[in-house]
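Model, not experiment: these values are computed from the prediction. In what follows, chains are A, B, ... by sequence order, proteins preceding strands, each numbered from 1.
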Number of protein chains: 2
Amino acid sequence: MDLEALRLTLALADLGSITAAAARLGLSKSRASQRLQALEQELGVHLFTRTTRAVRPTPDGEHLIQRARPLLAEADELAALFQGPRHLKGKIRVDLPTAFARTAVIPKLPELLALHPQLELELSTSDRRVDLLREGVDCVLRIGPLHESSLTAIRLGILTMANCVSPAYALRYGLPRDLGDLAQHWIVHYSPTLTKEEPAFEHLEGDFISQLPMRSLLTVNSIDAYRAACYAGLGIIQVPRYGAAEDLAAGRLIEVLPAHPAAPMPISIVHPHGRQVPRRVRVFMTWLATLVEPLVS
Amino acid sequence: MDLEALRLTLALADLGSITAAAARLGLSKSRASQRLQALEQELGVHLFTRTTRAVRPTPDGEHLIQRARPLLAEADELAALFQGPRHLKGKIRVDLPTAFARTAVIPKLPELLALHPQLELELSTSDRRVDLLREGVDCVLRIGPLHESSLTAIRLGILTMANCVSPAYALRYGLPRDLGDLAQHWIVHYSPTLTKEEPAFEHLEGDFISQLPMRSLLTVNSIDAYRAACYAGLGIIQVPRYGAAEDLAAGRLIEVLPAHPAAPMPISIVHPHGRQVPRRVRVFMTWLATLVEPLVS
DNA sequence: ACACACTGTCCAGTAAAACTGGACAATCAC
DNA sequence: GTGATTGTCCAGTTTTACTGGACAGTGTGT
């Protein structure tokens, strides 16, 4: 069963003539007749009684028509979803992780805004969980595991992790050679909610995630503070490799225990719109995804 | 946009692999790849980010998937409507005009019931309006104009009319030669509701319907009484030609004023089921329609 | 009553897809 | 590294979609 056949059926019901229906759909009346017969044979029922003067639906035809009409309307709407005006307009409210916004998104923003001059963007950066619905945000980029909710999540990929220390730290404490050395080392404790979790070194043990408890000098709840603590030589941090790559190359950070990275972090877009996503938001999300793509494995 | 492409999209989303999706749909992976690219080009967006190891939907792809899923489910349901078990079973309650049931339907019933041994038919015959919903009737055949309502009506065609008298009438009053003669004649007054309408001779005046008031000896509210009155020589009756054909041929009735027939009567099936018509009812309606077909113009 | 215009169907041939199998570079597992 | 597997590309082949014209049947207009 194909949509074109249904379209023909509806045109036929509306116009009451194969010739007219064929003309509306832009095909020859021979073909229209053929397709109708093919559909009837496929379904095993007669859909229209045909005299030379009128084409009238049978009861079966009538039922097909009644159910096909909303179906086709929905299909057309779906097709129309992806073609609209060339330029976007309106306001989009977005929330991004601080570091990611600064390094990956904001530098590319001028291109997007130049493409869509009527677009207004309201970009907040935070690492805390944002109540999308309450704050009226259109979409957020989330790094880390997702908590299931009524929101729609789209996984963009995963970020591989790296364990890093600063040269100042290496000078004072040395570099760990294996997991056993970690008992003599310090980790910077990242705890978004500042709750009671114990500081630990997370690493992959085959396919499983292990937590190795460690000493910690400092607990922080923001990514910026996390990295700043590392620069200051306060301990090991575990961060996405993409964000550390530049610092590693420049020698501002040193990777340790490369054989024991933390579990890779999923990176996702989350949005509160159900399936009726405004076009401008959809396009923005697509654009965001293209920015993320080169960073993920 | 075609349903198969959407089906591929869904399979792709479920399985995360072009090879696997192609296998599920029973086509080569080359073709699956081609079709995906064709769809992406048609919509003008990338639907999946493809690495050699994983195929993941983009935000656009995710939206398409979410909306395509119910669409396809509905399409499948629609296709399934017309194929079911070969035999029908269950009870069908039908109401037919008395004369039509006796002459056209009941003689053919054995064939239908032989075809579907599990089918129970409850056939009531009446000419009054039946409250389908209250009485739990599955469908009725209605001859005459329809009153719009919440019920679904399917027009099967129109019945051409004939004006008839009995030989007894002709003997006593003679035959009218033209409309002017009717002042000297009698008509049998058919009034389903026995209300205050005046007896009249209905006839076509070009494309318009004219009512010519006439004298009447008797008013009846059932088709059987209507015809009986005519046989008894009480006046002219206006009936569908198909029902009178046999009597006319046998000389039991005589056609008068053949150039001035009453307005042709639409004949329709009316049923209270919305768009969810049980299969047995649908098949019965189709069967009924095939019976009606040779009788209508 | 007659020719006429027009209906839907049938029947060739033709153009256009749908589809396939195999080759290929890229990538992950071992 | 090596091998298996991924998605894509590229030929050729099969299948289908489609067309124009012929046809019988049927209302319309004169």
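B:Pro97 has its side chain out of reach of B:Ile223: every pair of non-hydrogen atoms, C-beta onward, lies at least 4.5 Å apart.
Rounded to an integer number of Å, the gap from A:Leu39 CG to D:dT16 P is 16 Å. Note: CG (A:Leu27) to P (C:dA15) measures 19 Å, nearest angstrom. Across the protein-nucleic acid pair, B:Leu25 atom CG and C:dC19 atom P stand 10 Å apart, rounded to whole Å. Between A:His46 atom NE2 and C:dT9 atom C1' the separation is 14 Å, expressed in whole Å. One atom, CG of B:Leu12, and another, C1' of D:dG7, lie 11 Å apart when rounded to the nearest Å. The nearest whole Å value for the distance from the CD1 atom in B:Ile18 to the C1' atom in D:dT6 is 9 Å. Atoms CD (A:Glu4) and C1' (D:dT16) sit 15 Å apart, rounded to a whole Å. When the P atom of C:dG8 is taken as reference, atom CG of A:Leu8 falls 11 Å away, rounded to whole Å.
With values rounded to the nearest 0.5 angstrom, A:Arg155 atom CZ is found 10.5 Å from A:Ile267 atom CD1.
Comparing atom distances between the B:Lys29 side chain and each of D:dT8, C:dC19, C:dG8 picks out D:dT8 as nearest. Candidate nucleotides C:dG8, C:dC19, D:dG7 were compared by shortest atom distance to the side chain of B:Thr19, and D:dG7 ranks first.
Base contact: B:Ser28 has a heavy atom under 4.0 Å from a base atom. Residue A:Gln34 is classed as a base contact, given a heavy-atom separation below 4.0 Å to a base.
A salt bridge does not link B:Glu4 to B:Arg31: none of the charged side-chain nitrogens sits closer than 4.0 Å to a carboxylate oxygen.
Look at B:Ser17 and you'll find a side-chain N or O under 4.0 angstrom from OP1 or OP2 of D:dG7. A sub-4.0 Å separation between OP1 or OP2 of C:dG8 and a side-chain N or O of A:Ser33 is absent. Side-chain nitrogen and oxygen atoms of A:Arg31 include at least one within less than 4.0 Å of the OP1 or OP2 phosphate oxygen of D:dA17. Note on A:Arg35: every side-chain N or O is 4.0 Å or more away from OP1 and OP2 of D:dT16.
A donor-acceptor contact under 3.5 Å links the side chain of B:Ser30 to the base of C:dG21.
The closest donor-acceptor contact from the side chain of A:Asn163 to the backbone of A:Ile236 lies at 3.5 Å or more, if one exists at all.
A donor-acceptor contact closer than 3.5 angstrom is absent between the side chains of A:Ser30 and A:Gln34.
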